[in-house]
2 protein chains.
Amino acid sequence: MHSFTEENYLKAIYKLQEANGLVVATSALAQVLEVHAPSVTDMLKRMAGKKLVTYQKSKGVKLTEKGRQVAVGIIRNHRLWEVFLVDKLGYKWDEVHDLAEQLEHIHSEDLTNKLDMFLGFPKADPHGDPIPDANGVLPKSKAVLLSTFAEGDQGTFTGVTDHSATFLNYLDKTGFSLGDPIKVKGIEEYDQTYTLQLKGKKEVVVSFKVANSLLLSY
Amino acid sequence: MHSFTEENYLKAIYKLQEANGLVVATSALAQVLEVHAPSVTDMLKRMAGKKLVTYQKSKGVKLTEKGRQVAVGIIRNHRLWEVFLVDKLGYKWDEVHDLAEQLEHIHSEDLTNKLDMFLGFPKADPHGDPIPDANGVLPKSKAVLLSTFAEGDQGTFTGVTDHSATFLNYLDKTGFSLGDPIKVKGIEEYDQTYTLQLKGKKEVVVSFKVANSLLLSY
DNA sequence: AAAATAAATTAGATTAACCTAATTAATCAA
DNA sequence: TTGATTAATTAGGTTAATCTAATTTATTTT
Ligand SMILES: [Mn+2]
Ligand SMILES: [Mn+2]
Ligand SMILES: [Mn+2]
Ligand SMILES: [Mn+2]
């Protein structure tokens with residue numbers, strides 16, 4: 001079908017398209033894929049030939065509908081495998097990403113759907129990211145950054161924007177757990193430090209950087 | 001670490017070494033890997049450079065100890081994933097091989113061992129093939145072909161030598177099931193047709209070809 | 001042992017995915 | 001609006017893994 005490399009390009013384009021604008025720059029792809037720019041140009045030409053992307057010289061790329069389908073399929077695989085690793089094999093949420101990067105490329109729609117069923121049709125992965133359904137529909141999250149909250153506001157911790165193992169470990173250690181309630185007790189004017197009340201009345205103080213990486217839902 | 005291609009060569013060499021003699025011929029590899037002979041020669045040279053095999057021009061290949069370790073590791077992965085697919089996801093034994101061919105290349109010893117635990121440390125895969133342990137030790141089966149049995153002999157059905165989906169389907173349809181007892185009621189002199197008593201007294205007649213693909217243990 | 005056949009290797013190409021160095025195109029600042 | 005800076009492409013290579021055609025080596029058969 002498609003090579004792992006192509007699939008990784010598609011996933012990267014998809015994520016950059018979501019995060020930033022509609023077209024994705026060669027340099028942005030080179031950075032996230034950890035290759036040099038000419039390799040990207042080269043690959044984009046091949047992928048345009050396969051109608052996975054529309055590529056305009058020096059203008060950037062966009063996914064075609066076909067390309068988007070493949071990208072979302074891989075994200076679905078990735079997130080379902082992460083659930084499997086955490087729920088069934090006992091991995092921690094900071095350990096599963098690299099394994100899922102491999103597992104996401106196993107080609108079988110049927111396997112994906114059977115895995116989905118086995119896991120009880122989860123709505124989100126261990127990091128709170130939504131899992132696309134079998135038709136490639138990805139529910140749009142309405143979670144918002146904790147850094148947009150004011151004193152007294154509260155919500156439920158439902159996701160992160162920083163997926164690094166170090167950040168996830170910090171959260172574990174500090175007492176954050178997905179699904180728990182969080183209330184803003186105070187925000188320091190000087191440096192935007194947040195004082196939070198976690199589940200069980202536990203109070204913690206976190207930096208703006210942390211508040212800016214936590215997603216809360218009402 | 002190693003490419004999928006290298007891993008498939010190692011697995012193929014291992015299996016041919018087990019089945020036939022000590023050294024494996026270029027042509028045999030070309031056949032099972034479905035590539036042409038010069039590709040094999042080429043690859044063997046590269047693999048010899050990596051000390052995965054010992055290769056003597058025009059003489060054949062053998063695995064090094066390092067190569068054997070890798071090969072057995074992949075077979076371990078393959079068989080554990082097959083158990084997962086059948087026991088956990090509800091696949092039938094004739095459906096899992098191709099998926100396992102992909103999954104076996106996921107590289108993580110830790111994942112393999114966690115999967116092993118999750119599955120309850122199975123001794124054999126859905127086709128009765130033994131699963132190597134974490135140290136690469138593969139228990140030598142003492143099962144024997146049904147075709148070596150005489151009238152009146154009996155045993156337990158514990159494996160197959162033909163892993164094709166068509167054969168496995170035939171077994172399902174005819175009433176064979178791994179672990180069941182089988183007794184030889186008669187053998188026709190003329191064409192070596194076997195009359196067997198299966199579990200629940202059910203009698204079936206099978207060809208020599210079938211009797212020669214079933215493994216029984218006492 | 002020579003001839004015939006089969007198996008394996010060498011020679012020379014191809015393709016995907018990458019690279020560096022050089023060049024061109026686009027964007028920003030004076 | 002020119003000039004500088006940054007981004008992107010072209011040109012020319014490399015490596016792994018494959019191929020076909022030609023040649024060499026090994027095994028049989030006479
Ligand atoms: Mn992930
Ligand atoms: Mn995730
Ligand atoms: Mn198999
Ligand atoms: Mn099997």
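Note that the coordinates shown come from a computational prediction; the quantities given were computed from them, not determined experimentally. Chain identifiers are assigned alphabetically (A, B, ...) following the order of the sequence lines, protein sequences preceding nucleic acid strands; residue numbering begins at 1 within each chain. Worth knowing before you read on, the calculation uses all heavy atoms, side chains too, and leaves out hydrogens, waters and symmetry mates.
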**Request:** Select base, sugar-phosphate, or nothing to describe what B:Ser39 touches, counting heavy atoms under 4.0 Å on all strands.
**Result:** base

**Request:** Please report, rounded to the nearest Å, how far the C1' atom of D:dT25 is from the CD atom of B:Gln56.
**Result:** 15 Å

**Request:** Would you please confirm or rule out a distance under 4.0 Å between OP1 or OP2 of C:dT9 and any side-chain N or O of B:Tyr55?
**Result:** yes

**Prompt:** Looking across every strand, which nucleic acid part, if any, lies under 4.0 Å from B:Ser58 by heavy atom: base, sugar-phosphate, or nothing?
**Reply:** sugar-phosphate

**Request:** Select base, sugar-phosphate, or nothing to describe what B:Thr41 touches, counting heavy atoms under 4.0 Å on all strands.
**Result:** base

**Prompt:** Would you say a side-chain N or O of B:Arg46 is under 4.0 Å from OP1 or OP2 of D:dA16?
**Reply:** no

**Asked** What is the distance from NE2 of A:His36 to P of C:dA17, rounded to the nearest Å?
**Response** 17 Å

**Prompt:** Is any side-chain nitrogen or oxygen of B:Ser3 closer than 4.0 Å to OP1 or OP2 of D:dA16?
**Reply:** no

**Prompt:** Can you tell me how far P of C:dA17 sits from NE2 of A:His2, to the nearest Å?
**Reply:** 11 Å

**Prompt:** With a non-hydrogen cut-off below 4.0 angstrom, is B:Phe4 in contact with a base, only sugar-phosphate, or nothing?
**Reply:** nothing

**Asked** Under 4.0 Å between a side-chain N or O of A:Lys57 and OP1 or OP2 of C:dA26?
**Response** no

**Prompt:** Which whole-number value in Å describes the distance from A:Lys45 NZ to D:dT9 P?
**Reply:** 7 Å

**Prompt:** Counting only side-chain N and O atoms of B:Tyr9, is one of them less than 4.0 Å from OP1 or OP2 of D:dT18?
**Reply:** yes

**Prompt:** Between B:Gln31 (CD) and C:dA7 (C1'), how many Å, whole number?
**Reply:** 13 Å

**Item:** Atom of A:Gln69, atom of A:Asn135 and distance for their closest heavy-atom approach
**Value:** OE1-O, 4.2 Å

**Request:** Considering non-hydrogen atoms only, spot the tightest contact between A:Gly159 and A:Leu178 and give its length.
**Result:** N-CD1, 3.7 Å

**Asked** Rounded to whole angstroms, how far apart are CG on B:Asp42 and P on C:dT14?
**Response** 16 Å

**Request:** Could you check whether the rings of B:Phe84 and B:Phe118 sit parallel, tilted or perpendicular, using 30° and 60° as the cut-offs?
**Result:** tilted

**Request:** Return the orientation label for the B:Trp81 and A:Trp81 ring planes: parallel under 30°, perpendicular over 60°, tilted otherwise.
**Result:** perpendicular

**Request:** Please state whether the rings of A:His127 and A:His163 are parallel, tilted or perpendicular, taking 30° and 60° as the class boundaries.
**Result:** perpendicular

**Asked** Which listed nucleotide (D:dT18, D:dA11, C:dA17) is nearest to the side chain of A:Thr5?
**Response** C:dA17

**Request:** Could you tell me whether the phosphate oxygens of D:dT9, OP1 or OP2, come under 4.0 Å of any side-chain nitrogen or oxygen in A:Thr26?
**Result:** yes

**Atom of B:Val83, atom of B:Asp125 and distance for their closest heavy-atom approach** = CG2-CA, 3.7 Å

**Prompt:** Within this structure, what is the CE-to-P distance between B:Met47 and D:dT15, rounded to whole angstrom?
**Reply:** 20 Å

**Request:** Report yes if a side-chain nitrogen or oxygen of B:Ser27 is closer than 4.0 Å to either non-bridging phosphate oxygen (OP1 or OP2) of C:dA8; otherwise report no.
**Result:** yes

**Message:** Classify A:Lys59 by what it touches in the nucleic acid, base, sugar-phosphate, or nothing, heavy-atom distance under 4.0 Å.
**Reply:** nothing

**Fill in**
Whole-Å distance, A:Leu52 CG to C:dA17 P, equals 11 Å

